[in-house]
Amino acid sequence: GDVQPNPKGDDRVAGSAARWYIYRITHFGTPKEIALIHSEFDKITDAMKPTETKAKPNRPFINKYFGPVLAQSMKEVMEVNDVKKAPATVINAAMMFPGMARIKDEGDKGAGAYLRGLVKDSGTSDVVRLFALKALKDAMPIVVQEGQFKLDPTDAAQNSARKRDKLNVTTLTDYIERNVNVAGMSVEEAEAIRYLRREAIIALAHAGAPAVLAKRIDNKEHFDGPVAPTLIKVLIPGAISPPPSMQEKIEAAIGLCHMKHPNMEDYDPSAAVFVVGRTIAEFVDDYNKDWGNIAAVGAARKLPMLAYRTEAKRLKEALIELEKNAKGTKANDLNASAKRLLDAMLAAKADTPFPRVDPPQELRVQVGNFKNAASGKIFKTLKVPAIPLN
């Protein structure tokens, strides 16, 4: 895969290589042997992933030959092994999905297309779908079209990469935004829906930009693969069903904070600042509701509902990025106010592992003012529906 493809024989080379890496997983061995198979596959797929600035010269080989045979080989393994009868084989095979996503092939029958199909197919086992959703995180970030090379909507190579990114983003946004009626489901079944959706949110949050492409070029509107609107909807009450868990909201908020858009001047991060601020206030409220249980002494103490200190640290670090990425908004004010609350949560001592934190009333008032400065028009001049910021 390190040279340009040769029609004479490269299909057989690609087929042999793909089958070698995939079929071996069915010969169930010791954990050490399985770990070696995974390690070798990760190593070869790491070598095939595109660089940040341009595609490597083996892209035609990957797109035309290796990706499709890789997908076909995995499909064959999954078809002959049932998750209920051979769970170890199926799970060990599914653990190779991230490597398949990492090569970022662009073919309609390639590894990426196979993973997207698993997410969409209603017949896919949720166990397998979970690994496919996790893998799509490795297909990120989306290509940043400017700053790395000159944006040219007529360039075939750029358009091919954009098409791949758009398909990945659309697969995730459709999965996140689909409404699921949980009436009649048990609590555990409803939580399973949220658990899988959280993995989709995590994958989408790694996109790293508000959209695959959102720009006016020569008076023509180009808009593909919107990311920010879906992450914002996760943080708006009633926008998706069932209502997101706090873990889902945290992942969406962190994704919005890390979103870079230096050459996407149409993106307005004001709405993101508003919904992120409101989510942090909700997070502190949840901590305070749980505080009586987790701060109790002796047998009365209960496990926390969330890993509060870990999530507080992640949010604190994400707000620093939001301040960098959302200049011209109220992100600096949000960072200052939220930092005081998050720092208080992190000020644990041996005798008080869960310190008391003041209610976020000041932050909530401040966030209410942010709403006045925010617009549901996420992309300012593009013909994109506004999102009601209720």
Do any N or O atoms from the side chain of [X] and from the backbone of [Y] form a donor-acceptor pair under 3.5 angstrom?
X: Asn325; Y: Glu321; result: yes
X: Arg197; Y: Pro242; result: yes
X: Thr124; Y: Asp121; result: yes
X: Arg24; Y: Ile34; result: no
X: Arg301; Y: Ala296; result: yes
X: His38; Y: Asn92; result: yes
X: Asp105; Y: Ala111; result: yes
X: Arg314; Y: Ile250; result: no
X: Asp268; Y: Lys380; result: no
X: Asn390; Y: Pro237; result: yes

In plain terms, say whether [X] and [Y] are close enough for a salt bridge, that is, a side-chain N and a carboxylate O under 4.0 Å apart.
X: Glu323; Y: Lys339; value: no
X: Asp358; Y: Arg340; value: no
X: Arg129; Y: Glu199; value: no
X: Arg198; Y: Glu248; value: no
X: Asp224; Y: Lys166; value: yes
X: Glu265; Y: Lys215; value: yes
X: Lys316; Y: Asp343; value: yes
X: Glu221; Y: Lys383; value: no
X: Lys163; Y: Asp108; value: yes

What closest approach, in Å, do Pro210 and Pro229 show between heavy atoms, and which atom pair accounts for it? O-CD, 4.3 Å

Taking everything shown except Met305 itself, do over 12 heavy atoms lie less than 6.0 Å from its CE? no

[atom1] of [X] to [atom2] of [Y]: how many Å apart, nearest 0.5 Å?
X: Asn332; Y: Leu319; atom1: CG; atom2: CG; value: 11.5 Å
X: Leu389; Y: Ile378; atom1: CG; atom2: CD1; value: 6.0 Å
X: Glu251; Y: His206; atom1: CD; atom2: NE2; value: 8.5 Å

Do Phe379 and Phe223 make the cut of ring centroids closer than 6.0 angstrom? yes

What do you reckon, are the aromatic ring centroids of Tyr287 and Tyr308 less than 6.0 Å apart? yes

Please determine, by modelled atom types, if [X] and [Y] share a side-chain donor-acceptor pair under 3.5 angstrom.
X: Arg102; Y: Thr45; value: yes
X: Thr230; Y: Glu177; value: yes
X: Glu76; Y: Tyr23; value: yes

Checking Arg116 against Tyr114: charged group under 6.0 Å from the ring centre and within 45 degrees of the axis? no

Please lay out, stage by stage, how Glu362 and Leu341 fare under the test side chain to side chain contact (heavy atoms under 4.5 Å, CB included). CA-CA 10 Å; Glu362 181 183 340; Leu341 294 167; over 6 Å; no

